[in-house]
Amino acid sequence: MAGSGGSGMVGTEHLFKVLVIGELGVGKTSLIKRYIHQLFSQNYRATIGVDFALKVLHWDSNTLIRLQLWDIAGQERFGNMTRVYYKEAVGAIVVFDVSRRSTFEAVVKWKDDLDKNVKLPNGKPIPAVLLANKCDHQQWDGLENNQTSMDRYCKENGFVTWFQTSAKDNINVDEAVKFLVGNILSIECIHQISEDSSADDTIKLTEYTEERENKSQCC
């Protein structure tokens, strides 16, 4: 049983910065409020610039994650601060509103900007999940609500997956964030294993060199 407070039972801690991006009014702030506080309101004002929220996740008995969700205003893609906002992010949530087709058409532009402004240490894009938000709306504004076509769209545009979400009805909000965090963790583990392997090789090389030097001195 894990201890509480400062008992030190958590073996690993991570700080993950995750961007929440998309056009103005697609429900980014509502999704974050629902995820962090389990609250929903129709009266959120438009985000100006950037805002962020923090949630602590006890992922398992050995892993604690401090998750920073950066809520970036819809108009900020056109500003000069994009690179600053994106810096050190390890994952992203791109949101569109199923009742406004124009917000879906803008998804590719947001993804392109994301890929240009932030990358993983190996040079690859950070993992991004696509959210078809406000799925509680009956009308999808000409969009095809089709699993196969959306899966194909995600594959073609570099998204790890997609979810239908509703901040209002609390549909798939936790599931979407959990999937993304799990993806980020798997990449972190791969990166850590790679670093450990490099360290092991260095140690072996050093030991081998010292052994050669000792043999040389003995001779």
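As the structure is a computational prediction, the values presented were derived from the model and not from experiment.
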Hydrophobic cluster identity match, Leu130 and Ile187, side-chain contacts under 4.5 Å: yes
CH2 on Trp70 to CG on Leu54, rounded to 0.5 Å: 11.5 Å
Heavy-atom closest pair, residues Ile126 and Ala89: CG2-O, 3.6 Å
CG-CD1 distance between Leu120 and Ile184, expressed to the nearest 0.5 angstrom: 9.5 Å
Side chain to side chain donor-acceptor pair (under 3.5 Å): pairs with one or both residues in residues 170-179, sequence neighbours excluded: Gln38-Asn170
OG-CZ distance between Ser166 and Phe163, expressed to the nearest 0.5 angstrom: 15.0 Å
Check against side-chain contact (heavy atoms from CB on, under 4.5 Å), Leu67 and Tyr35: CA-CA 11 Å; Leu67 186 66; Tyr35 179 68; 4.0 Å; yes
Sub-4.5 Å side-chain heavy-atom contact between Val98 and Asn133: no
Candidate pair Trp162 and Leu131, rule side-chain contact (heavy atoms from CB on, under 4.5 Å), full reasoning: CA-CA 6 Å; Trp162 71 287; Leu131 301 190; over 6 Å; no
Passing candidate, side chain to side chain contact (heavy atoms under 4.5 Å, CB included) with Val177, options Val18, Ile93, Val129, Ile36: Ile93
Single-linkage hydrophobic cluster, 4.5 Å side-chain cutoff, Leu185 and Leu180 together: yes
side-chain contact (heavy atoms from CB on, under 4.5 Å) evaluation trace for Ile171 with Cys135: CA-CA 8 Å; Ile171 299 172; Cys135 70; 4.0 Å; yes
Minimal non-hydrogen separation, Leu114 against Ala92, with atom names: CD2-CB, 3.6 Å
Partner residues of Arg66 under the salt bridge (Lys or Arg N to Asp or Glu O under 4.0 Å) criterion, sequence neighbours left out: Glu13
Non-hydrogen side-chain atoms of Thr12 and Leu64 separated by less than 4.5 Å: no
Side chain proximity check, Ile21 to Tyr86, heavy atoms < 4.5 angstrom: yes
Spacing of Asp169 atom CG and Arg34 atom CZ [to the nearest 0.5 Å]: 8.0 Å
Interatomic distance, Ile32 atom CD1 to Leu69 atom CG [nearest 0.5 angstrom]: 5.5 Å
Arg101 side, atom CZ; Phe96 side, atom CZ - distance, nearest 0.5 Å: 10.0 Å
From Leu31, Val26, Asp97, residue fulfilling side chain to side chain contact (heavy atoms under 4.5 Å, CB included) relative to Lys134: Asp97
Residue Lys55 excluded, over 12 heavy atoms near NZ under 6.0 Å: yes
Non-neighbouring partners of Asp115 that pass side-chain hydrogen bond (donor to acceptor under 3.5 Å, both in side chains), sequence neighbours left out: Lys111
Donor-acceptor under 3.5 Å (Arg100 side chain, Gly25 main chain): yes
N/O donor-acceptor pair under 3.5 Å between Thr63 side chain and Asp60 backbone: no
same_hphob_cluster(Ile65, Phe179) at 4.5 Å side-chain heavy-atom cutoff: yes
Those residues that, when tested against Lys116, pass salt bridge (Lys or Arg N to Asp or Glu O under 4.0 Å) (two or more places apart): Asp113
Presence of salt bridge, Lys28 and Asp71, under 4.0 angstrom: no
Contacts of type salt bridge (Lys or Arg N to Asp or Glu O under 4.0 Å), residue Asp151, not counting sequence neighbours: none
Residues, nucleotides or ligands: over 12 heavy atoms within 6.0 Å of Lys155 NZ: no
Partner residues of Lys17 under the side-chain hydrogen bond (donor to acceptor under 3.5 Å, both in side chains) criterion, sequence neighbours left out: none
Check against side-chain contact (heavy atoms from CB on, under 4.5 Å), Val108 and Tyr153: CA-CA 10 Å; Val108 173; Tyr153 179 87; 3.3 Å; yes
